[in-house]
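As C-alpha cells, the structure follows; a few thoughts come after it.
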Amino acid sequence: MRNRRQKITLKINSFSLFIFTLLLFIMTLTLRMSVASRLTQSTVEMIDLTERKAQLENELMVLRYQDSSLSSLSTLEERAKSQGFIPVTENLLSLEIDSSTTIAAVTGR
C-alpha cells in the first residue's frame with residue numbers, strides 16, 4: 001500500500017469561533033480576578049505588617065528610654081545606697097586597665 005498524504009482541513013464555523021472566543025474571555029477574566037485577589041491580599045498583609053512594625057518601634061523606643069533611665073548614674077547610686085553600699089570618700093590611687101581584671105586601689109589618708 002502506498003502512503004497517502006491526507007490534508008487535514010479544519011472547518012471553522014461562526015458558532016465554533018464564538019464558543020472559543022467566549023471560553024478564552026472567561027479564562028482570561030478568571031486569571032485577572034485571581035491576580036487581583038492575590039494582590040489585594042498582599043496589600044492587606046503589607047498594611048498589617050507596617051502597622052505592627054510601627055507598634056514594635058514604639059515599644060522599642062519606650063524600652064530604650066526605660067533602659068537609659070534605669071542605667072543612669074543617679075539611679076544606680078540610689079539603688080546602691082538602698083542596698084547598703086557606702087560611697088567611696090578616699091582618693092583613687094591607680095587603675096590597672098591592661099590586666100584581665102580591673103583593680104582599683106584607694107589611698108588611706
Atom pairs and distances, donor-acceptor, side-chain atoms in residues 67-76, under 3.5 Å, two or more places apart:
from: Ser68; atom 1: OG; to: Arg64; atom 2: O; distance (Å): 3.3
from: Ser68; atom 1: OG; to: Tyr65; atom 2: O; distance (Å): 2.8
from: Ser69; atom 1: OG; to: Tyr65; atom 2: O; distance (Å): 3.3
from: Ser69; atom 1: OG; to: Gln66; atom 2: O; distance (Å): 3.0
from: Ser71; atom 1: OG; to: Asp67; atom 2: O; distance (Å): 2.7
from: Ser72; atom 1: OG; to: Ser69; atom 2: O; distance (Å): 3.1
from: Ser72; atom 1: OG; to: Thr75; atom 2: N; distance (Å): 3.4
from: Ser72; atom 1: OG; to: Thr75; atom 2: OG1; distance (Å): 2.9
from: Thr75; atom 1: OG1; to: Ser69; atom 2: O; distance (Å): 2.9

Tabulate below the donor-acceptor pairs under 3.5 Å that side-chain atoms of residues 16-34 make, not counting sequence neighbours, or state none.
from: Ser16; atom 1: OG; to: Asn13; atom 2: OD1; distance (Å): 2.7
from: Thr21; atom 1: OG1; to: Leu17; atom 2: O; distance (Å): 2.7
from: Thr28; atom 1: OG1; to: Leu24; atom 2: O; distance (Å): 2.8
from: Thr30; atom 1: OG1; to: Ile26; atom 2: O; distance (Å): 2.8

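Checked against side chain to side chain contact (heavy atoms under 4.5 Å, CB included), Glu51 has the following partners two or more places apart in sequence or in another chain: Ile47, Asp48. Partners of Gln55 by side chain to side chain contact (heavy atoms under 4.5 Å, CB included), not counting sequence neighbours, listed by chain and number: Arg52, Glu59.
At a threshold of 4.5 Å between non-hydrogen side-chain atoms, the residues Met61 and Asn58 count as touching.
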